[in-house]
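Only one structure is covered here, and it is reproduced in the block below.
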Protein chains: 2
Amino acid sequence: MKTVGRKASINSQEIISAALNLVGPHRSISSLSLREVTREAGIAPNSFYRHFKDVEALNIAIIELAGKHLRTIIRDARTLIINERSVVRVSVECFFSEMSKPGSTLPILLREGTVGSGDFQDAIKKQLDFFAHELQTDLEKANAISKRYQTDETLVVAKAVTQLVFAMGGIALNSPESDLKKTTEETVLMVKFILKGASSAKTE
Amino acid sequence: MKTVGRKASINSQEIISAALNLVGPHRSISSLSLREVTREAGIAPNSFYRHFKDVEALNIAIIELAGKHLRTIIRDARTLIINERSVVRVSVECFFSEMSKPGSTLPILLREGTVGSGDFQDAIKKQLDFFAHELQTDLEKANAISKRYQTDETLVVAKAVTQLVFAMGGIALNSPESDLKKTTEETVLMVKFILKGASSAKTE
DNA sequence: CACATTAATATACAAGTGTATACCAATGTG
DNA sequence: CACATTGGTATACACTTGTATATTAATGTG
């Protein structure tokens, strides 16, 4: 803890908020310039360096924040699941609903995974991997109750579901609001296909 | 046909080639600047306007070219399919193999679908939709021989396979070459899950 | 050979970028 | 109260960008 020197008039979180103000359906985080962000934050360009090494460091911090949000959303979705049969529907609907809320950080994770620097891409991949891993443990828990999936296939199943949900989420974001329900239903069906396919084919 | 005036020293195709020279694993097409492209093409910046309205028009032309390549790849893959049982494996392996060839335009379709202007995104979506539609007719043909999928679900199945293959392709592109085989195998398995899931669950 | 027509270039400008250097402002400590 | 320490700003510089305007180069036609 620092005890001497001028107090900071702005913190990293506020700079992140300023950056988030600038992103939108057609504005990606990795295209933000340092000066744009400082303008939005109301500070001088050079003040940025007091908080982040460069814009890439800011972008990675934002991804990690979005990852945190993702995790709380997952946790909340779990509390909504009443019976085992509705787990897919409730989870997907919760995901799509949260994603569509104005100001949500989820779209960042969905849209920006494939462009930008290596470290940036790795940061996003880390969050997706977390999501897939979380899903895998769920599948293994289900497997412990009644054997459904081949043990060495749970990770592939989890990855497939993750990729599909994120891809369909990206589509929903680029589609008119009126298509949201339809896209959600399609995604529910797709996930069910994967789970059913993996459970019915315990051996090749 | 023009009969009078100075002959063009460069054509649109050559400008497209110059742009393709600049894209790579960490350089997206939508981040190219007009001047970069003209520099690579060996022409003056303003000469660009003789061939394209702006960089977005160039990007869309590139997407359409990549779409053409995609279609020939699909067509070629079909000729490789010897028996019905190997259709998934052969198709996925062909796709991943073509995608990994140096200078392939497929990575552009995989990576850039989620950023850029509206028209640009629409252009990519059009190519993915084509792919999905092609796949749907294949499923319907298979259905005609022996009923496997619910008739109103073939499009969803095709969409799911498309999104999954493209998403996994994107992952493969951002992973070390040594992981390519593993990712390909995973994708084959995932697609089989979807098809099996959709065929085993003819009614909900 | 003019001449219209088309392509390409040269020059220039305003705007934006990242960042280096230097300086000012505020704060707790001795 | 000095003073070191830290945060913030001002100014400046070298670049890059898109594009407007004007000019030059090459070509077929009359």
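Residue numbering restarts at 1 for every chain, and letters A, B, ... go by the order of the sequence lines. Please read these numbers as outputs of a predicted model, since none were measured by experiment.
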Rounded distance (Å) that lies between atom P of D:dG18 and atom CG of B:Leu58 = 12 Å

Of all the heavy-atom pairs spanning B:Ser31 and B:Ser28, show the shortest one and how long it is.
-> OG-O, 2.8 Å

With distance as the sole test, does B:Ser86 use its side chain to make a donor-acceptor pair with the main-chain N or O of B:Arg89 at under 3.5 Å?
-> no

Nucleotide nearest A:Lys2 when distance is taken to its side chain, options C:dT19, D:dG8, D:dT6 = D:dT6

Between P of D:dT17 and CG of B:Leu22, the distance in whole Å = 11 Å

Listed by chain and number, what are the salt bridge (charged side-chain N to carboxylate O under 4.0 Å, His left out) partners of A:Glu134, not counting sequence neighbours?
-> A:Arg78

Thinking salt bridges, do B:Glu93 and B:Lys181 make one under a 4.0 Å N-O criterion?
-> no

Would you list the atom pairs, donor with acceptor, under 3.5 Å between side chains in residues 155-162 of chain B and any protein atom, with sequence neighbours excluded?
{"residue": "B:Lys159", "atom": "NZ", "partner": "A:Glu186", "partner atom": "OE1", "Å": "3.3"}
{"residue": "B:Lys159", "atom": "NZ", "partner": "A:Glu186", "partner atom": "OE2", "Å": "3.2"}
{"residue": "B:Thr162", "atom": "OG1", "partner": "B:Ala158", "partner atom": "O", "Å": "2.7"}

Would A:Ile194 and B:Met190 count as a side chain to side chain contact (heavy atoms under 4.5 Å, CB included) if you check the C-alpha gap in whole Å, the side-chain angles of each, and the deciding distance to 0.1 Å?
-> CA-CA 7 Å; A:Ile194 293 176; B:Met190 290 172 178; over 6 Å; no

Between C:dT9, D:dT9, C:dA7, which nucleotide gets closest to the side-chain atoms of A:Ser47?
-> D:dT9

Quick tally for nucleotides 20-30 of chain D: nucleotides whose base has a protein heavy atom under 4.0 Å get B, sugar-phosphate-only ones S, the rest -, giving BB---BBBSS-

Would you say B:His51 reaches C:dA7's phosphate, i.e. side-chain N/O to OP1/OP2 under 4.0 Å?
-> no

CG of A:Asn11 versus C1' of D:dG8: gap in Å, rounded?
-> 15 Å

Under-3.5 Å N/O pairs linking protein and nucleotides 14-16 of chain D:
none

Please list, one pair per line, the donor and acceptor atoms closer than 3.5 Å that link side chains of residues 167-178 of chain B to other protein atoms, with sequence neighbours excluded.
{"residue": "B:Asn174", "atom": "ND2", "partner": "A:Gln121", "partner atom": "OE1", "Å": "3.0"}
{"residue": "B:Ser175", "atom": "OG", "partner": "B:Ile171", "partner atom": "O", "Å": "2.7"}

To the nearest Å, how far apart are B:Leu32 CG and D:dG18 P?
-> 10 Å

Presence of B:Ser9 side-chain N/O under 4.0 Å of C:dA7 phosphate oxygens OP1/OP2 = no

Could you give the side-chain donor-acceptor pairs of residues 102-116 of chain A under 3.5 Å, partners two or more places apart or in another chain?
{"residue": "A:Ser104", "atom": "OG", "partner": "A:Glu98", "partner atom": "O", "Å": "3.3"}
{"residue": "A:Ser104", "atom": "OG", "partner": "A:Leu106", "partner atom": "N", "Å": "3.1"}
{"residue": "A:Thr105", "atom": "OG1", "partner": "A:His69", "partner atom": "ND1", "Å": "2.7"}
{"residue": "A:Arg111", "atom": "NH2", "partner": "A:Gly24", "partner atom": "O", "Å": "3.2"}
{"residue": "A:Glu112", "atom": "OE1", "partner": "A:Ile29", "partner atom": "N", "Å": "3.1"}
{"residue": "A:Glu112", "atom": "OE1", "partner": "A:Ser30", "partner atom": "N", "Å": "3.4"}
{"residue": "A:Glu112", "atom": "OE1", "partner": "A:Ser30", "partner atom": "OG", "Å": "3.4"}
{"residue": "A:Glu112", "atom": "OE2", "partner": "A:Ile29", "partner atom": "N", "Å": "2.8"}
{"residue": "A:Thr114", "atom": "OG1", "partner": "B:Arg111", "partner atom": "O", "Å": "2.5"}

Find the distance A:Ile43:CD1 to C:dA25:P and express it as a whole number of Å.
-> 19 Å

Out of C:dA8, D:dG18, D:dG7, minimum distance to the side chain of B:Ile10 belongs to C:dA8

With B:Asp129, which of B:Lys125, B:His133, B:Gln127, B:Lys126 fulfils side chain to side chain donor-acceptor pair (under 3.5 Å)?
-> B:Lys125

